[in-house]
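Structure record follows, encoded as structure tokens.
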Amino acid sequence: MVTSSVTHPPVREDATLADARAAIWRALGGIVDPEIPTVSIVELGIVRDVARASDAWIVTVTPTYSGCPATRIIEADIRTAIGAVIGEDVRIVTALAPAWTTDWIAPEGRLKLREAGIAPPHAATLGAVQAHPVTFRRPREPVRCPNCGSLRTTELARFGSTACKAQYRCTECLEPFDFFKPH
Amino acid sequence: MTASKPAAPAAELFDYLLRLADNGLVLAQRLGEWVGKGPVLEEDIASTNVGLDLLGQARLWLAYAGEVQAIDGAPSRSEDDLAYFRDSRDFRNLLLVEQPNGNYGDTIARQFLFDQWHVLLLGQLTLSRDERIAGIAAKAVKEVRYHVERSADWVVRLGDGTATSHERMQAAVDALWTYTGEMFAVDATERTLIDAGIAADGAALLPAWQSSVQAVLDEATIVIPADPFMQGARSRGGKQGIHTEHLSRLLAEMQVLPRSMPDARW
């Protein structure tokens, strides 16, 4: 593996580093979220950065929800997958700020969510958090049914099978479905 | 993230972080008591998810508290050490969150009164001069938005529901109201940190809390208790480690395993 810039010409060094970096990103792209096993952690926006420090590769991740039980599994998966590709241990840095938002979910991730029967989130309204007191009647953006595409859907419960999802039902095709909440 | 240098005495900051942590830790433990016996499946899942969020937030606060304590030369304690090896007098949570679950209306009322305050508190803390606090708050406030939406919905559903559910929701609000004053009382610890731009000023949160709570309770046909008594700013309570008897029982259950088998691994 690459050791230091003293022993190699800079150009070769960069190429090797770039290759390793690309291989790491490919490996990360193959890791799926254990609770949404069709979407990768890269597509979900959980992986924020891959960087080379003097002694190790550093992968920066941002946890989705504070209490998400998948976080530890994802970290273990990252170690395994990258270890297999570059043959050395990786350092995982958890960055809390800026906080993860569903706006970071890539377009292909949204597509895969819909294909898995999960309605993807609307744009999260960042910045509006402090301003609005929460009262009972709130305007809600309609959620499109991932099965039939109808907007005639209704919320069954604010929390679904995981903290990041709500339970909805389509009044057109009558199918229940998960909605990935804007966050 | 590295610890940003706190601009306030570590002792005050440590105490404040425990207040933030213990609210989540204790309430998460209470919500965990509903696992497997919620009134409907969706609510069983929802209360568990809310508990998980709060526990995750508590871990972040506790981890920071452990690091802050080390600044003063004390041995650094892990989040587990702080959660499992402190006694009730060392807990800094609000009296509200340690109150027993009661019926589901009691649980929802407790959650609602807390959530409405929690979302405002975290909103303020996103502006804290302590970057670590601001970062955790920015993450947590997004989660708590959903908590308060759910608890507000249920206050209305139960309050404006059947005669029985209305009666119970009113009784729950009546019983819990007295514990809400503590959320807005500012003691010397908080004053020091407020002046340093680190902590949120509880007193400043009161008007927004009152108007949000009032709006939902109106919708729920629930009246705010006629007796306006709330714990005064000068009284001592959970934030100073003076708790109701309920906390000791809760801790006994929460802490028994690591205390009897300190090396136990999951």
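Note that the structure is predicted; figures quoted are calculated from it, not measured. Residue numbers begin at 1 in each chain, while the letters A, B, ... track the order of the sequences.
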By a 4.5 Å heavy-atom criterion (distance strictly below it), what part of A/Thr64 contacts chain B: side chain, backbone, both, or neither?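 The backbone, not the side chain.
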Interchain contact, A/Thr162 with chain B, by part (heavy-atom threshold 4.5 Å): backbone
Would one find more than 12 heavy atoms of other residues, nucleotides or ligands at under 6.0 Å from atom [atom1] of [X]?
| X | atom1 | answer |
| --- | --- | --- |
| A/Glu108 | CD | yes |
| B/Arg19 | CZ | yes |
| A/Arg48 | CZ | yes |

Under the 3.5 angstrom rule, does the side chain of B/Lys142 hit a backbone N or O of A/His183 as a donor-acceptor pair?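 At least one qualifying donor-acceptor pair exists.
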Nearest heavy atoms of [X] and [Y], plus distance in Å:
| X | Y | result |
| --- | --- | --- |
| B/Lys139 | A/Pro63 | NZ-O, 2.7 Å |
| A/Phe159 | B/Ile45 | O-CG2, 4.3 Å |
| B/Gly135 | A/Ala97 | CA-CB, 4.2 Å |
| B/Asn49 | A/Ala163 | OD1-N, 3.1 Å |

Picking from A/Ser161, A/Pro98, A/Gly160, which has the most non-hydrogen pairs under 4.5 angstrom with chain B?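 Top option by heavy-atom pairs under 4.5 Å: A/Gly160.
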The test is side chain to side chain contact (heavy atoms under 4.5 Å, CB included); show your working for A/Ser66 and B/Arg59 and say whether it passes. CA-CA 8 Å; A/Ser66 302; B/Arg59 291 184 57 183; over 6 Å; no
Once rounded to the nearest 0.5 Å, what's the spacing between atom OH of A/Tyr65 and atom CD of B/Gln57?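 Spacing of OH (A/Tyr65) from CD (B/Gln57) equals 11.5 Å.
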Nearest-0.5 Å distance, CD of residue B/Glu149 to CD of residue A/Glu155: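 Answer for the CD-CD pair, B/Glu149 versus A/Glu155, is 8.0 Å.
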Under 4.5 Å from any heavy atom of chain A, what part of B/Leu60 do you find: side chain, backbone, both or neither?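 Side chain only.
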